[in-house]
Protein chains: 2
Amino acid sequence: MDVTIYEVAKRAGVSIATVSRTLRGTGPVAARTREKVLKAVEELNFTPSRLGVSLAEGRHAANGIVFPDLAGPYYTEVLLGYEEVASELGRSVVILSTKGRTKVNDLIKDLAGRVDGLAIFGHTVPEPLVAELVRLGVRLVFISREPLSGADTLRSENIASARALAAHLTGHGYERFTFLGAPLASQDDVDERWRGVRAVLGGAIEAVPTREYTVDCGFDAAKQLLGGRARPEAIICSDDEVALGALLAAEELGLDVPGDVAVTGWDDIMAARHARPALTTVRQPMRELGARAARALDELITGARDTHKHLILTTALVVRDSCGHHPQEAAP
Amino acid sequence: MDVTIYEVAKRAGVSIATVSRTLRGTGPVAARTREKVLKAVEELNFTPSRLGVSLAEGRHAANGIVFPDLAGPYYTEVLLGYEEVASELGRSVVILSTKGRTKVNDLIKDLAGRVDGLAIFGHTVPEPLVAELVRLGVRLVFISREPLSGADTLRSENIASARALAAHLTGHGYERFTFLGAPLASQDDVDERWRGVRAVLGGAIEAVPTREYTVDCGFDAAKQLLGGRARPEAIICSDDEVALGALLAAEELGLDVPGDVAVTGWDDIMAARHARPALTTVRQPMRELGARAARALDELITGARDTHKHLILTTALVVRDSCGHHPQEAAP
DNA sequence: TACATTTGTGTAAGCGCTTTCATCGCTAAT
DNA sequence: ATTAGCGATGAAAGCGCTTACACAAATGTA
C-alpha cells in the first residue's frame, strides 16, 4: 500500500499530472499515453493514497455517525440505512458510540475532523458542544431530535400516533393505564410519546421509569408493577423492547396478555411480530431514518442545499394481539 | 473547521513548528511561549486537521471492519466490542457492510486505504482479494475464519461444543435429529458446528438449509420441516435466530417444545434467555471476539508483534428448557 | 573567562495527491 | 504560408501538518 504516484509516473515515463489525469479522467490524455500509464499502474498495483487525495481535494468522502449504543435493533437499523446510502454516494461511514465514554467531547471533535458531515442521534451530545459544532460550520443532521437552527433534523412522528394509540386503547374500554419507560430527557422520542398519550388519557395514566429501554429493564419494572396492588389494565411501553420485557414479566406472573393486562410497544422491530401475543405497536421507519440522514448530509456537504430541513416521517399504528380484541371489531 | 496551524502561529507570533510542539508536547517550549500559543489556539478555536496530521504521521489512527450485515445481534455485539476497544486505543472505526453490494472489491480497497488495519468477518471477502490484501501488506484480522497465513484469525470453538451439545441431546434419548440452517460455506462457523454434531450423531442427523440465518427463514424452514411426515425429535439449529424461528413455527403448528420436539440454538443472544421455552444453546463470547480483534490489530499495526496469532475462544453449553428435562437429572 | 551543554525557535523538507498555468507541437482556417 | 486554436503534457504550487536540522541564546562548568 505504499507505491506512490511518482513511481507510477516514472515507470510510465510521464509526469505525475498525467497519471492523475489518466486515473481520474479529468483532462485529455493521448490513447498511447493512457496505455502506458494504466500498464504501470497495473504492474505496480497502485492505489492512490486516500490521504493524499483527500488533502488535495479538501474533502474526506466520509460521514460520521454518533449513537449511544448499538444494543437493540433500533440503532442498528438506522445505522444500516445510513451506511447503505452513504456507501451509494461514495462515502465511508465512521462510527462512534458514546455509551460509557468519558471525554465524549474530544471523541466527537476528532470524529468531526475525519468526516465531511455528522449524523447524531437525539441527545447523545451535550448541548454546548452541539452549539460549538454548529458554530464551526460542521455539517450536521440530527436524528430524532427537535429542530434547532444550524442543522437538519429528522424524526418520526410521535405525538399524533401516541394519541391514536391511546384512543385505540380507550376504545377497548380500558380505564387505568401505565406508561412504562418514562422519558429520560425532555423533547426526545419517548417524551413526545408520553405527552401524546397523556393528552388523551390525562389522569388515567401514570409514568413508571425503567433504567434503560431494554428487555431486561422492561421485565424488571413490569414485574414489580404487575405484582403490585393496583395493576393497570393496559401498559403502554416506551418502545418494543420494554414491551417484550413486560410480556415476559406477565408470563412469569401467570398473567394473560391481553386478558389480564394489555401491552403495547413502539417501533415495530422484528421481534414485535414474533412475540406471543404479537405486539401491538407503532411502526417507525428506522432504515429510512438512516437513509434520509445520509441523503440530507450529502445535500449539505455538496452544497446542493444551504438551508436546513426539518423532516418528520410518518408512523403507523400496527394493531396485533397484545392489546386485545377491539369491541367494535369483535365477531358476533 | 478551517483555521490552520499557520494562522495560529501568526497570531501567537511564533513559527508553526512551535505551535505543533506545544500542542503535541514534543520538544521543549518556553512557558511564556506556550501560553501565547495556547491563547491563540483558544481564540481561533483551532483543531489540527486530521488529514494533515495523518499525512505527516503516516498513519490514519483508524481501523476498518467488514461485515455482511448488521441484522441480528451477532454482528452488532462483535462490532460493539470492536469499537469500544479501538476507541480506547485512540482509533476510529470505519465500517463497511457488504450485503447487497456490487463492487465489493472496490469498496474494500477504498476502505483499506483509509485505515491502518482491517477486521473482516468470515468469508465476507472473495479469496483472491484476501490474497491481494495480504500481499499488499494490509494488517488483517479475520473473525470466525479458519487460519491463513498473513493474517491473524480469531474464532470461537465450535466442534467440541457441537459434540458436547449432540452428546447432551442423545442423553435425552433422542434418536432422530435435524440440523436446521445448513452451512453455506465450508470452513465457516456453521460448517464446523455441523461437522461437530455429525461426528457424534452420524446418520441420525440430516441437514436442512434455510435461506439465511434469520428468525424468518428459520420459521419458514421449521414450519415445513415440522409439518412434514417424518418430524425429527430434536432440531439443532445453526444459531439462536434460526432456533427462535423454529420455536415460533412449533407454536404455530400446535407442537409443544420440548414435549413434541426439542430445539437448540447457538450464540446465546439475549433473546435466547427470554424465549419460551428458554433456549438451550452454546454461549459464544461475541463482544470479546470484537474486543480481541481490535487489540490484535493494534499489536500488528504498532509492530508490537510481527507474527500472526490464531486464537480460538472457548464456548460454553448453556442448558435451558428447550431441550427437555434430562433423564438423569429428573426429580423422582 | 572560555568552552561545552542545554533550551528554545525557526527553516524547510517532506507526506501523496490535484489542478492551474505555461508550453509545445499540430491541425485547420485565412 | 501564417496564424489562431486545440490537444497533450509537464512544472510547480498548494492542501495542513510533523520533524530533522540549524542556530542563537542562556546556562553550567572548569
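Every chain is numbered from 1 and lettered A, B, ... according to where its sequence line falls, protein lines coming before strand lines.
A side-chain N or O of T153(A) and one of H310(A) form a donor-acceptor pair less than 3.5 Å apart.
Under 4.0 Å is where a charged nitrogen must lie from a carboxylate oxygen, and between R24(B) and E57(B) at least one such pair does. Using a 4.0 Å cut-off between a side-chain N of Lys or Arg and a carboxylate O of Asp or Glu, R139(B) and D152(B) do not qualify as a salt bridge.
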Atom pairs, protein N/O to nucleotides 6-8 of chain C N/O, distance under 3.5 Å:
none

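Residues satisfying the ring pair (Phe, Tyr, Trp, His ring centres under 6.0 Å) test with Y75(A), not counting sequence neighbours, are F121(A). With sequence neighbours excluded, no residue forms a side chain to side chain donor-acceptor pair (under 3.5 Å) with E7(A).
For residues 30-42 of chain A, the side-chain hydrogen bond (donor to acceptor under 3.5 Å, both in side chains) pairs, not counting sequence neighbours, are K39(A)-E43(A).
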Which nucleotides of nucleotides 14-19 of chain D have their base under 4.0 Å from a protein heavy atom (B), which only their sugar-phosphate (S), and which neither (-), written as one string 5' to 3'?
BBBBBB
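Contact annotation: the side chain of T124(B) never approaches that of F67(B) to less than 4.5 Å [non-hydrogen atoms, C-beta and beyond]. Side-chain contact between L118(B) and N63(B): absent, with no pair of heavy atoms (C-beta onward) separated by less than 4.5 Å.
For the atom pair CE (M286(B)) and OG1 (T76(B)), the distance works out to 9.5 Å, reported to the nearest 0.5 Å.
Overall bending of the helix from dT1(C)-dA30(D) to dT30(C)-dA1(D), expressed as the angle between end axes built from five pairs apiece, is 50° (10° steps).
If you take CG of L23(B) and P of dT9(C), they are 15 Å apart, rounded to a whole angstrom. Whole-Å rounding puts the R32(A) CZ to dG7(D) C1' distance at 16 Å.
Of the candidates R59(A), R292(A), R91(A), R305(A), D298(A) forms a salt bridge (charged side-chain N to carboxylate O under 4.0 Å, His left out) with just one, namely R91(A).
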